[in-house]
Every structure is written in structure tokens, then in C-alpha cells.
Amino acid sequence: MIHVVWIAEMRRRLSEVRRCGRSIGFVPTMGALHEGHGALMDRARVESNFVVVSIFVNPIQFDRPADYEAYRVNLTADLEFCAARGVDAVFAPAVSEMYPAAAATFVEVTELSEQLCGKFRPGHFRGVATVVTKLLNIVAPDKAYFGEKDAQQLAIIQRMVADLNVLVKIVPVPTVREADGLAVSSRNQRLSTEERRVAPVLYQALLAGRRAAQAGGTAEEIRAAALAVLGREPGVRVEYVEVVELSGVRRIAGAVWVGFTRLIDNVAVGSD
Ligand code: AMP
């Protein structure tokens, strides 16, 4: 496995790979790698000849500076994780390499970015769409892998790729969960023992919403069913619970605060 920090070197290495006729699969991450990222890598490993993982904590997508400061990445552990997963190249540039000057050009996917998380995290999806555009321009993969856990992000990337004619296939990967249903996330590490006990209530609430949908409930009844479950945990503050269509799939999506940690999750409604 190679570890690359310079854009020019990444491009040079990948042009050699392409010259040999090998397909490139790409998994963009912010590090602090876990089984959710692992599922994306495994899928890329099966479908592509050469797998690239990027590890880059993108400052322009953090709406709160404290959140950026608190984002901890252990590069040594992440490199080991990638090597064990059969990754061929890790691209881990410094902020100064990705943003040598303050960015003046941004990619903004309107409407889709303004709902759900976008309402509460101004500028977040503009930062995501911009860095993913840059990474796709650098890596130029055949396929890029994104988790359904971040269904709004996935929909925004799919729309950006379609609107800007980016030559890549976006592959969605199902959410990886802990045994108790909590979606795996680097943010879970921040939960205290008591908060961790409470956290699966978000998934339980979304499942209650799905049952209401399967019983023929309206969007408002689906929301109410989910909110009723969340209401049983006084330590959980609801940011939003909404029924939305993302990438042609009807989903119930939620964001909650457990202590100082913000958790998001979603499930498709109408499927098992
Ligand atoms: P992040 O490092 O949090 O920016 O996530 C990088 C990629 O991993 C994104 O496409 C996420 O949607 C995906 N991802 C994160 N957690 C999970 C999970 N539990 N299951 C599946 N994909 C995930």
C-alpha cells in the first residue's frame, strides 16, 4: 500500500494505474476509520482493481470550529486499517495542499442542501460538495463509494455528479450498525457510557416510523411514531425527524443530540 500526501504524486501514480487498464475505486473519508468505512472499502475492493482511500478532515465543511478542533484522526491506526482491508493507496494531504489559498470557488447543490441537516449546519454541504469535487478531480476514479448513513450527502453528491457531468459512478453502500442498531460513526467514541446506552433510541425511533409507514400512515403519523419513541429518553434532544425522498428513495431521517454529540441516521420506509 502506498501513502501519498501530494496531489501531483497521486495523479502521477494513478495515471500509471490507468495506463495498465486497471479500474480505480475511490472511498473518500475523514479518517478515524471504523467498520462503516470498512464496508465501503470492501465493496471497492470487490469491484475495482485499484482501491484509493482519501483521509482528509475538510475544514470548510465544519459549521462549528470547535467540532473541527475536536475531530481526532490517528493516521497510523488508519493506515493499518486500510492495509488490512487490502487498500492500494491512501491519499492523506495536508490542509495547505488542498487549500493553498482560501478557496474562492465553491460547489453548491441548491435545494437538496437546504433541507434536513443543511438547515442546522449552514455551509456544511457546500463544503462537502466542494471537497468531493476536488477529490474526484484529483483521483478521477471509475467508481466512488458513499454510505447511505449520510443519505442527504449521498443524494447531494449524486446530483452534483449528474449536474456537472463528472465521469464517475457513485455507488451507495448500506449503513453498518452496531449489534444494538446504533449506526457506526466516529462520533460514537465521544459518548459517555450512559449516552452510549441511550444512543440506539434514534434507530429504534426510525424503525417505529417505518412500521407506521408500513401500516399505511401519513408522513405526519410516521414522524409522530418516531418522535414518541425519542420522547421516552429525556437525555435526547431532537433536532429534526422528517420523511423525505432522497435519490428516489423515501426515507425517514433524524438528527438528535445526546449530550454534546450530534447523531444522524435514516432508514428507507417501505422496505424491510
Ligand atoms: P466520514 O469519514 O464520516 O466523512 O465518512 C466517510 C464515508 O463513510 C461516507 O460516505 C459515509 O457515509 C460513510 N460511512 C460513515 N459511517 C458509515 C456507516 N455506519 N455505514 C456505512 N457507511 C458509513
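Along the sequence shown, the residues carry numbers beginning at 1. Counting convention: from 1, in listed order, for ligands and their atoms alike.
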Minimum-distance protein heavy atom relative to atom 9 (C) of ligand 1: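 Result for atom 9 (C) of ligand 1: Gln153 NE2, 3.8 Å.
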Which heavy atom of the protein is the closest neighbour of atom 4 (O) of ligand 1, given with residue, atom name and distance? Met30 CG, 3.6 Å
Give the numbers and elements of all ligand 1 atoms closer than 4.0 Å to a heavy atom of Leu40. 7 (C), 8 (O), 10 (O), 13 (C), 22 (N)
Atom 18 (C) of ligand 1: the protein heavy-atom neighbour that sits closest, reported with distance to 0.1 Å: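 Checking every protein heavy atom, the shortest distance to atom 18 (C) of ligand 1 gives Gly36 CA, 3.6 Å.
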Check the angle between the aromatic planes of Phe56 and Tyr99 and answer parallel, tilted or perpendicular using the 30° and 60° thresholds. tilted
How far is atom 19 (N) of ligand 1 from the closest protein heavy atom, and which atom is that? Val184 O, 2.8 Å
Nearest to atom 10 (O) of ligand 1, what protein heavy atom do you find, and at what distance? Gly147 N, 2.9 Å
Heavy-atom distances under 4.0 Å are what count here, so tell me which part of Leu154 touches ligand 1: side chain, backbone, both or neither. neither
Heavy-atom nearest neighbour in the protein, as seen from atom 14 (N) of ligand 1, with distance rounded to 0.1 Å: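 Going by distance alone, atom 14 (N) of ligand 1 is nearest to Asp150 OD2, 4.2 Å.
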Under 4.0 angstrom from ligand 1, any heavy atom of His34? yes
Measuring from Thr261:OG1 to Asn188:CG, what's the distance to the nearest 0.5 Å? 8.5 Å
Check whether the side chains of Tyr68 and Gln61 place a donor and an acceptor atom closer than 3.5 Å, and report yes or no.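 Absent: no donor and acceptor within the cut-off.
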Regarding Glu97 and Trp6, is there a side-chain donor-to-acceptor distance under 3.5 Å anywhere? no
Could you measure the distance from the CZ atom of Arg159 to the OG1 atom of Thr110? Nearest 0.5 Å is fine. 7.0 Å
Can a non-hydrogen atom of Pro28 be found less than 4.0 Å from any atom of ligand 1?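 Heavy atoms of Pro28 do come under 4.0 Å of ligand 1.
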What part of Ala32, side chain from CB on, backbone N/CA/C/O, both or neither, has a heavy atom under 4.0 Å from ligand 1?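 Under 4.0 Å from ligand 1, Ala32 contributes no heavy atoms.
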Tell me the contacting part of Arg177 for ligand 1: side chain, backbone, both, or neither, using a 4.0 Å heavy-atom threshold, strictly below.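 Under 4.0 Å from ligand 1, Arg177 contributes no heavy atoms.
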Check whether any heavy atom of Glu35 sits under 4.0 Å from an atom of ligand 1.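 False for this residue.
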Is the side chain of Thr175 donor-acceptor paired with the backbone N or O of Lys149 at a distance under 3.5 Å, no angle test? yes
Around atom 8 (O) of ligand 1, find the nearest protein heavy atom and jot down its residue, atom name and distance.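 The closest heavy atom on the protein side is His37 CD2, 3.4 Å.
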Side-chain heavy-atom pair Asp42, Val46 within 4.5 angstrom cut-off: no
State yes or no: are the ring centers of Phe91 and Phe26 separated by less than 6.0 Å?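 Not under 6.0 Å, so no.
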If only atom types and distance count, is the side chain of Asp142 paired as donor or acceptor with the main-chain N or O of Ile24 below 3.5 Å?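 Answer holds: yes.
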The protein heavy atom nearest to atom 20 (N) of ligand 1 is Val176 N, 2.9 Å
Minimum heavy-atom separation for Phe50 and Arg45, please, with both atom names.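 Minimum heavy-atom separation between Phe50 and Arg45: N-NH2, 4.0 Å.
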